[in-house]
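Every number for a ligand or one of its atoms is a count from 1 in the order of the listing. None of the values given here were measured: they were computed from a predicted structure.
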Amino acid sequence: MVKKLFKSSSEESSAASPKVYQRSEHGISRAQVSDNALKVLYRLKKSGYQAYLVGGCVRDLLLGREPKDFDVVTNARPEQIKEVFRNCRLIGRRFRLAHIHFGREIIEVATFRGASTEENDVQRVLENGRLLRDNLYGTIDEDVWRRDFSVNALYYNIENFSLVDYVGGMEDHKNSTLRLIGDPEARYREDPVRMLRAVRFATKLGFTIHPDCEAPIKRLAELLPAIPPARLYDETLKLFLSGHAIQTFEQLRHYQLFGMLFPDTEKSLTVQHDGFPLTFLAKALENTDKRLQEGKPVTPYFLFAALLWEPVRVAAEAKVAEGATDVAAIQEAAQEVIVRQVKRIAFPRRIGMPMREVWILQSRFNKRSGIRPFRLLANPRFRAAYDFLVLRAETGEADPSLAEWWTRFQEVEEVEQKRMTRGLVRKPRTRRRKKRAAGQADSSSS
Ligand code: ATP
Ligand code: MG
């Protein structure tokens, strides 16, 4: 079904007389803006184009926060942008964007998007209300209506450093309110990812989702599985790796969105024993937040390993009960859970492989005699797997003395390590050991 959801451009223009906040009426100063973003803005202006900062950067600057990145919007077409900047690459199929490269910093420059009219309706296709194709260029007063939340739709004009507000974004910003532009239900239907964005921004900014925008979420959450799994992967990383993972998780569950992203995990959360697995997952997310706060790296595979552990663990347990070995059970369970999960969230192989390894290594921690612990210690994934074990032990799922054993095993000298493995290194099996043994024999005989 193809149907039109947008107002015609004439309707929009007449509705749109912006409130303009002059430089003295808002708190954004150029000193807060990245030099490269300023260069892009000035260069566009000098070339005769309009140029604005827009979106998350303006919203964050108003809060005195350092923006993650700077998005620029202009009336120049992509090809015209390319003419202005040598360091420019055009990207995107659904909508052409320009990336201006300055070493590691990229400034994204978009052309104003247009509004739909009777004639160009073919250009913007909606299927069951969802936006599939969208490639019209327009003017600022058309562009604004396509943005999600009013606080994301403020334009900082490089011409005179004013803030242009068509949608009451400043007012909402002052009231710490997240409000969708237009009819909330239609906007969620058009792009269900906006429900995730609502939760993400509310949590990150400490804003409240406006009641009108909050109300339809639970009902519309079921639209999320229609989103391409690769996009949901990107979105999930943003949700859980922005330093507010634990709160985000709670909010996603509250709005019944979490189960749409991780159905197996949601199911396992409803069968809780003594607060586990909720405690395990909560602890894992808390750790993620803490690491980010301390400036330490966080890896997506560890996060996904934690998010999916409970369904894997339960399935593996059932297989062991049916007679499978520990390792085989985890391997099979991992495979099953991953196959189901990637239908929702398509994580790449570089995530799937190490995630699986972290799980499988859990079953090897029990083997503490002979050469095995030494081999495990040398495994490139040992550290992540050990951290995972500690987390399991802390939340009562694994034996704390097992985790303590491994902590100690890493700390002590080799002699002590050998004693810990109960001196069961009887027959040297590896070549190196044979050689070493041979060397010792030589020296003792000389
Ligand atoms: P942050 O970068 O801090 O995560 P952001 O608001 O900048 O937040 P982006 O994904 O970078 O988010 O998008 C930039 C801007 O593009 C948004 O502020 C919004 O105006 C618009 N936008 C992005 N995604 C959507 C969407 N799904 N629907 C409507 N507008 C969107
Ligand atoms: Mg952004």
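Summary: OD1 is the N/O/S atom of Asp69 found nearest to the Mg ion (ligand 2).
Cation-pi geometry between Arg30 and Phe161 is satisfied (NZ or CZ under 6.0 Å from the ring centre, within 45° of the ring normal). A cation-pi contact, defined as under 6.0 Å to the ring centre and within 45° of the axis, is absent between Arg59 and Phe207.
Proximity of Thr236 to Phe304: side-chain heavy atoms (C-beta onward) are separated by under 4.5 Å at one or more points. Contact annotation: the side chain of Phe347 approaches that of Leu308 to within less than 4.5 Å [non-hydrogen atoms, C-beta and beyond].
Of all the atoms in ligand 1, the ones that sit under 4.0 Å from a non-hydrogen atom of Lys204 are 3 (O). In the vicinity of Asp69, heavy-atom distances shorter than 4.0 Å reach the ligand 1 atoms 2 (O). Within ligand 1, the atoms closer than 4.0 Å to a non-hydrogen atom of Gly55 are 18 (O), numbered from 1 in the order shown. Every atom of ligand 1 is numbered from 1 in the order shown, and the set under 4.0 Å from a heavy atom of Arg146 is 29 (C), 30 (N). Near Asn152, meaning under 4.0 Å from any of its heavy atoms, are these atoms of ligand 1: 6 (O), 18 (O), 19 (C), 20 (O). Of all atoms in ligand 1, listed by their number and element, those nearer than 4.0 Å to a heavy atom of Arg200 are 4 (O). Within ligand 1, counting atoms from 1 as listed, the ones closer than 4.0 Å to a heavy atom of Arg231 are 27 (N).
For atom 14 (C) of ligand 1, the closest non-hydrogen atom of the protein is Asp71 OD2, 3.5 Å. Nearest protein heavy-atom neighbour of atom 27 (N) of ligand 1: Asp191 OD2, 2.8 Å. Scanning all protein heavy atoms for the shortest distance to atom 30 (N) of ligand 1 gives Asp148 N, 3.2 Å. Among all protein heavy atoms, the one lying closest to atom 12 (O) of ligand 1 is Arg197 NH2, 3.3 Å.
The closest heavy-atom contact to atom 16 (O) of ligand 1, among the options Arg194, Arg147, Arg187, Lys68, comes from Arg147.
Residue Arg59 touches ligand 1 through its side chain alone, judged by heavy-atom distances below 4.0 Å. Under 4.0 angstrom from ligand 1, there are no non-hydrogen atoms of Val54. With a 4.0 Å cut-off on non-hydrogen atoms, Val193 does not touch ligand 1 at all.
The CZ atom of Arg356 sits 13.0 Å away from atom CD1 of Ile351, with the distance rounded to the nearest 0.5 Å.
Residues Leu257 and Leu224 approach most closely at CD2-CD1, 3.7 Å, considering heavy atoms.
Where the criterion is an N or O separation shorter than 3.5 Å, residue side chain and backbone included, Gly56 meets it with respect to ligand 1.
Assignment of Glu108 to the shell around ligand 1 is not supported, since no heavy atom sits closer than 4.0 Å. Every heavy atom of Phe149 sits 4.0 Å or more from the atoms of ligand 1. Note on ligand 1: Arg65 sits outside its first shell, no heavy atom being nearer than 4.0 Å.
The aromatic rings of Phe249 and Phe258 sit perpendicular, their planes meeting at an angle over 60°, well past the 30° parallel limit. Ring planes of His101 and His99: perpendicular class, angle over 60° (limits at 30 and 60°). Between Phe382 and Trp406, the two ring planes are tilted [angle within 30° to 60°].
Classification of Arg96 and Glu79 as a salt-bridged pair fails, no side-chain N sitting under 4.0 Å from a carboxylate O. Of the charged side-chain nitrogens involved, none lies within less than 4.0 Å of a carboxylate oxygen, so that Arg146 and Asp191 do not count as a salt-bridged pair. Between Arg383 and Asp387, at least one side-chain N (NZ, or NE/NH1/NH2) sits under 4.0 Å from a carboxylate O, which counts as a salt bridge.
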